[in-house]
Amino acid sequence: MSTAGNLKVLNALDGAKTQWYHFTAIVIAGMGFFTDAYDLFCISLVTKMLGRIYYTKPGSPKPGSLPPNVSAMVNGVALTGTLAGQLFFGWLGDKLGRKKVYGITLMLMCLCSIASGLSFGSSPKSVLTTLCFFRFWLGFGIGGDYPLSATIMSEYSNKKTRGGFIAAVFAMQGFGILGGGVFAIIISSVFNSSYKAPPYEIDPLKSTVPEADYVWRIILMAGALPALLTFYSRSKMPETARYTALVAKNATKAASDMSKVLNVEIESDQQKVNAKFEDDYGLFSKKFLKQHGKHLLGTTTTWFLLDIAFYSQNLFQKDIFTAIGWIPPAKTMNAIEEVYRIARAQTLIALCSTVPGYWFTVFLIDRIGRFTIQIIGFSMMTIFMFALAFPYDHWTRPENNIKFVVMYSFTFFFANFGPNTTTFVVPAEIFPARVRSTCHGISAASGKLGAMVGAFGFLYLAQNQDPAKTDAGYPPGIGVKNSLIVLGVVNLFGTLCTLLVPESKGKSLEEITGESKNETNDSRA
């Protein structure tokens with residue numbers, strides 16, 4: 001009997017030369033990821049300002065800062081929403097189709113980005129409650145973008161360059177982080193020059209001008225713009241042929257849709273999908289556990305461990321830069337200048353290490369493979385974390401600050417030329433079409449669970465061991481040095497868990513998942 005893997009429409013996709021529709025799909029899906037990264041990471045640019053505006057106590061020697069519970073909520077609530085969205089929309093993408101759900105996630109992201117800058121009331125409690133409410137639903141929409149974008153790009157691509165195309169979508173995250181930093185620099189520069197204010201130590205009251213309240217709102221709301229630009233294009237994308245043929249069992253429509261996309265005539269193989277294949281097993285079946293259980297364990301554990309390190313680094317760069325003296329003490333700046341300094345530091349890291357790391361992966365992933373890149377990335381992150389941690393006192397000396405930043409940048413480079421990209425790519429390739437979006441969502445949600453561990457845990461762990469030197473409201477922690485050692489150990493475990501993940505380079509999706517097997521044979525593990 002002929003099998004799903006022999007469908008002419010799938011063979012046409014696997015063998016298609018790189019053409020315009022591939023790049024169109026990358027841009028449409030990639031702009032969603034630009035928005036995702038902008039929205040998730042721009043909050044770290046404005047949390048210090050929120051503390052100054054709403055929590056400064058008269059007569060305090062230091063500017064106000066968000067209380068520990070409020071800071072944890074502001075930094076982590078979008079991650080919580082993202083986790084829920086990844087699970088829900090991942091499942092929905094397999095039930096209703098990738099295209100039907102894709103537009104919903106984008107509109108949710110746009111609306112909640114705008115709403116994040118609005119407030120019901122003017123008290124600290126009402127403003128922060130409003131912010132957290134809308135950032136949860138913003139995260140919910142962002143969460144849906146992960147499994148849907150990855151799955152759509154995977155199912156549109158040819159087998160020769162599939163890894164590079166999926167990685168290119170994810171690489172837009174780097175531009176989102178960079179774009180957030182650049183936009184914050186521009187806005188803070190404009191406001192700082194228009195509304196002059198003295199440093200906090202000179203005049204605590206006048207150091208935070210009333211107009212500063214507009215700065216954080218504009219930065220958060222601007223995240224809606226790039227996503228809105230691609231909404232129409234998303235609505236016009238056809239459903240992926242693999243979903244239409246293998247899940248909806250409509251090979252005729254799949255052939256018709258892809259004939260228009262590829263500009264070639266593709267014959268329908270409807271009779272081949274009318275047969276019920278023995279390997280049409282579900283997510284919770286014994287057969288799935290046998291064939292793909294180890295793979296799902298590998299994708300979930302590696303993404304979980306990676307995001308503990310990655311998000312703690314990204315969300316709390318400003319604390320590390322302050323600790324080593326790269327960002328001046330808060331009291332020596334006014335509120336808007338502090339935003340500028342934090343944005344400049346994070347933009348420099350993004351420009352020099354984060355963005356290059358992503359694109360190294362794009363160009364090399366189909367040459368050296370996903371497994372190799374992930375092993376290299378985790379291993380080098382471990383080495384650099386330990387190299388920063390053990391001689392930490394050496395790096396904190398003023399003459400070594402720039403060297404510390406260079407070393408710290410290398411951890412970002414190897415996160416992105418490594419597991420931060422490959423953990424996104426691989427789950428979109430190694431699971432059957434009927435559960436592909438769901439399994440990617442589960443893997444991504446595991447990552448966001450790790451992100452919450454990093455985001456919430458690092459707030460407390462990185463506090464100084466001396467109670468007199470901790471931030472207001474925080475108990476003593478283990479310090480930045482010991483926190484970096486913990487992150488190094490986490491990366492080491494990530495290296496080991498990578499051994500559970502198979503290599504998918506150069507194979508068709510059906511060959512990887514076993515969907516090309518004869519119905520009388522078991523599918524490939």
Side-chain angles (χ1 to χ4, degrees), residues 1-14 25 29 86-105 144-159 162 166 234 237-261 266-285 287-288 291-292 295-296 427-444 504 507-519 523-524:
M1 176 183 287
S2 297
T3 58
N6 293 330
L7 290 176
K8 291 184 176 65
V9 64
L10 303 188
N11 289 338
L13 282 169
D14 281 336
Q86 286 163 336
L87 293 172
F88 177 73
F89 287 114
W91 168 79
L92 205 62
D94 283 330
K95 293 299 179 185
L96 301 182
R98 296 33 163 152
K99 177 190 169 161
K100 287 182 180 178
V101 185
Y102 209 26
I104 299 173
T105 62
D145 221 42
Y146 274 73
L148 294 171
S149 290
T151 301
I152 286 171
M153 199 66 240
S154 174
E155 294 180 346
Y156 261 110
S157 302
N158 61 53
K159 65 182 180 181
R162 184 181 60 242
I166 305 172
R234 278 199 186 194
M237 287 181 74
E239 181 59 83
T240 70
R242 286 183 162 90
Y243 181 87
T244 304
L246 300 179
V247 183
K249 305 294 185 185
N250 191 343
T252 301
K253 179 165 176 50
S256 174
D257 287 344
M258 291 305 106
S259 292
K260 296 173 185 175
V261 170
I266 302 174
E267 294 181 33
S268 169
D269 288 333
Q270 185 60 46
Q271 71 280 5
K272 295 181 181 180
V273 299
N274 287 336
K276 177 173 175 60
F277 296 118
E278 184 183 315
D279 63 353
D280 278 350
Y281 48 86
L283 179 65
F284 299 106
S285 65
K287 193 164 187 180
F288 178 88
Q291 304 289 0
H292 298 289
H295 301 159
L296 187 58
E429 299 180 306
I430 64 175
F431 299 108
R434 59 191 169 278
V435 293
R436 182 171 291 135
S437 180
T438 302
C439 289
H440 195 286
I442 292 170
S443 302
S504 49
K507 301 175 183 177
S508 73
L509 294 177
E510 291 67 44
E511 183 184 355
I512 299 164
T513 63
E515 290 166 295
S516 63
K517 290 285 185 180
N518 189 289
E519 69 167 327
S523 65
R524 185 172 179 172

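As the structure is a prediction and not an experimental result, all values here were calculated from the model.
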Closest approach of [X] to [Y] (non-hydrogen atoms, all atoms of both residues):
X	Y	answer
A255	S259	O-OG, 2.7 Å
L296	S443	CD1-OG, 3.9 Å
S508	D14	CB-OD2, 3.1 Å
M258	P238	CE-CG, 4.2 Å
S154	A428	OG-O, 2.7 Å
R98	G93	NH1-O, 3.2 Å

- prompt: Do the charged groups of K507 and E429 touch, with an N to O distance under 4.0 Å?
  reply: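 A salt bridge is absent here (no side-chain N lies under 4.0 Å from a carboxylate O).
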
field: Set of salt bridge (Lys or Arg N to Asp or Glu O under 4.0 Å) partners for K253, sequence neighbours left out
entry: D257

In the structure I gave you, are the side-chain heavy atoms of [X] and [Y] within less than 4.5 Å of one another anywhere?
X	Y	answer
F89	I104	yes
K159	I512	no
L246	L10	yes
H292	V435	no
F431	H295	yes

Atom pair [atom1] ([X]) and [atom2] ([Y]), whose distance is rounded to the nearest 0.5 Å:
X	Y	atom1	atom2	value
E155	L13	CD	CG	9.5 Å
C439	I430	SG	CD1	8.5 Å
Y243	L96	OH	CG	6.5 Å
D94	L283	CG	CG	9.0 Å
T240	R436	OG1	CZ	8.0 Å
H440	I166	NE2	CD1	7.5 Å

- request: Go through the structure and list residues passing side chain to side chain donor-acceptor pair (under 3.5 Å) with S149, not counting sequence neighbours.
  value: Y102

